**Q** 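I'd like to ask some things about the structure below.
It should be emphasised that the depicted structure is a prediction, and the values quoted were computed from it without experimental measurement. Just so we're on the same page: letters track the sequence lines, and every chain starts at 1.
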There are 2 protein chains.
Amino acid sequence: MVVRTHLSNAALDRLFHALADTTRRDIVTRLLGGEDASVSTLAARYDMSFAAVQKHVAVLEEAGLVTKRPQGRERIVRGNPKQLAHARALLQQLEQLWIARFSQLDAILAEPRPPQE
Amino acid sequence: MVVRTHLSNAALDRLFHALADTTRRDIVTRLLGGEDASVSTLAARYDMSFAAVQKHVAVLEEAGLVTKRPQGRERIVRGNPKQLAHARALLQQLEQLWIARFSQLDAILAEPRPPQE
DNA sequence: ATAACGTACAACCGAATGGTTGTACGTACT
DNA sequence: AGTACGTACAACCATTCGGTTGTACGTTAT
């Protein structure tokens with residue numbers, strides 16, 4: 001999957017920060033792997049107050065990892081794999097940078113006379 | 001690149017938290033893409049105190065994204081692409097979860113009688 | 001030997017984080 | 001109509017974060 005990553009630094013900060021919490025990672029895991037759940041259904045699974053889970057969902061939503069759609073008195077939370085792909089794409093980009101450097105080092109080592117100036 | 005992701009939740013928290021800062025992402029970008037740099041060389045590039053950059057490097061180091069090796073009075077900072085791969089692997093895993101779910105939904109829609117019980 | 005450099009580390013500060021409880025309000029059930 | 005449910009939101013609290021300055025100490029250069 002190829003993903004163009006032109007998210008702002010602030011958006012990336014929010015995105016990675018959202019992923020930097022075990023409870024939040026667990027929430028997106030559940031959401032991506034099957035269950036579309038209301039906030040209270042999600043909250044029931046964790047050993048903390050409803051409000052705390054509500055805040056976690058809000059963080060995920062602001063990061064774009066999750067969307068909420070109203071349905072009756074409930075809010076159904078759905079995972080958003082696109083934003084996840086953005087994060088992965090950036091990491092892959094960084095790895096690629098490393099690989100490029102590495103192969104360049106290889107070339108330098110293979111070529112005894114470096115083509116400088 | 002296939003990466004087995006068996007990092008503790010705490011380690012993943014540290015990893016993603018380290019990536020959730022523009023300055024720190026910039027540091028790893030520089031390190032992976034060419035320059036092995038001392039802490040002060042790095043610090044010179046940013047509009048903040050040496051100590052602040054030092055702290056950022058420390059966060060990256062605790063997350064395993066970077067290593068420091070002493071060389072004379074300097075500490076040379078190097079990027080560690082392996083840890084980056086761990087983060088990417090986890091995201092890919094989550095995306096895969098979504099894809100699996102999606103194809104299962106496809107199957108359910110294609111098969112009018114769901115194979116339940 | 002002395003001065004300059006590179007680093008480590010502590011103390012401090014304001015803002016953000018992750019949690020709590022309490023209140024308010026729309027929706028659904030009886 | 002009244003009660004229970006699901007959500008939103010504010011206020012509060014302890015801790016962490018991202019930054020600062022200052023001090024100490026080993027290494028390099030003069």
**Q** From the options dT7(D), dG19(D), dT21(C), select the nucleotide whose nearest atom is closest to the side chain of H56(B).
**A**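 Nucleotide nearest to H56(B)'s side chain: dG19(D).
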
**Q** Using heavy atoms to find the nearest nucleotide of DNA chain C for S40(B) and D47(A) separately, return the residue whose nucleotide is more 5′.
**A**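 First, find each residue's nearest nucleotide; the 5'-ward one identifies S40(B).
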
**Q** From the list dG26(D), dA8(C), dG19(C), which nucleotide is the closest neighbour of the side chain of A52(A)?
**A**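 Looking only at heavy atoms from C-beta outward on A52(A), the closest nucleotide is dG19(C).
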
**Q** Using a heavy-atom cut-off of under 4.0 Å over every strand shown, decide if S38(B) touches base, sugar-phosphate, or nothing.
**A**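 S38(B): backbone/sugar contact only, no base atoms under 4.0 Å.
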
**Q** Measure from CZ on F50(A) to P on dC5(D) and round the result to the nearest Å.
**A**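 Answer to the nearest Å: 13 Å.
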
**Q** Counting side-chain heavy atoms from C-beta on, which of dG6(C), dG18(D), dG19(C) comes nearest to E74(B)?
**A**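 Looking only at heavy atoms from C-beta outward on E74(B), the closest nucleotide is dG6(C).
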
**Q** For the residue pair H6(B) and H86(B), does the interplanar ring angle fall in the parallel (under 30°), tilted (30 to 60°) or perpendicular (over 60°) class?
**A**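 Ring orientation, 0 to 90° scale: perpendicular.
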
**Q** Charged N to carboxylate O under 4.0 angstrom, D26(B) versus R45(B)?
**A**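 No salt bridge links D26(B) with R45(B).
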
**Q** Rounded to the nearest Å, what distance is computed from the CZ atom of residue R73(A) to the P atom of nucleotide dT3(D)?
**A**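 These atoms are roughly 16 Å apart.
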
**Q** What do the steps show when you test Q71(A) against R75(A) for side chain to side chain donor-acceptor pair (under 3.5 Å), and what is the final call?
**A** CA-CA 6 Å; Q71(A) 179 179 305; R75(A) 303 301 144 102; over 6 Å; no

**Q** What's the NZ-P distance between K55(B) and dT20(D), to the nearest Å?
**A**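 After rounding, the gap between these two atoms is 9 Å.
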
**Q** Which sits closer to the 5' end of DNA chain C, H17(A) or Q71(A), going by the nucleotide each is nearest to?
**A**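 First, find each residue's nearest nucleotide; the 5'-ward one identifies H17(A).
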
**Q** Going by side-chain contact (heavy atoms from CB on, under 4.5 Å), L91(A) matches just one of L90(B), L91(B), V28(B). Which one?
**A**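 Running side-chain contact (heavy atoms from CB on, under 4.5 Å) over L90(B), L91(B), V28(B) with L91(A) returns exactly one hit, L91(B).
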
**Q** Check the distance between dG18(D)'s C1' and R24(B)'s CZ and give it to me in whole angstrom.
**A**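 Value for this atom pair: 8 Å.
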
**Q** Atom CZ of R75(B) and atom P of dT28(D): how far apart are they, to the nearest Å?
**A**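 Distance, rounded to whole Å: 11 Å.
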
**Q** Which of the following nucleotides, dT21(D), dT7(C), dT20(C), is nearest to the side chain of V39(B)?
**A**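 It is dT7(C).
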
**Q** Among E61(B), E62(B), E74(B), find the one that has a salt bridge (charged side-chain N to carboxylate O under 4.0 Å, His left out) with K68(B).
**A**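 Answer to the salt bridge (charged side-chain N to carboxylate O under 4.0 Å, His left out) test with K68(B) among E61(B), E62(B), E74(B): E61(B).
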
**Q** In whole angstrom, give the distance that lies between atom CD of Q54(B) and atom P of dA11(C).
**A**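 From Q54(B) CD to dA11(C) P: 16 Å.
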
**Q** Check the distance between dG18(C)'s P and R25(A)'s CZ and give it to me in whole angstrom.
**A**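 It works out to 12 Å between those atoms.
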
**Q** Rounded to the nearest Å, what distance is computed from the CG atom of residue D21(B) to the C1' atom of nucleotide dC17(D)?
**A**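 Nearest whole value for this atom pair: 10 Å.
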
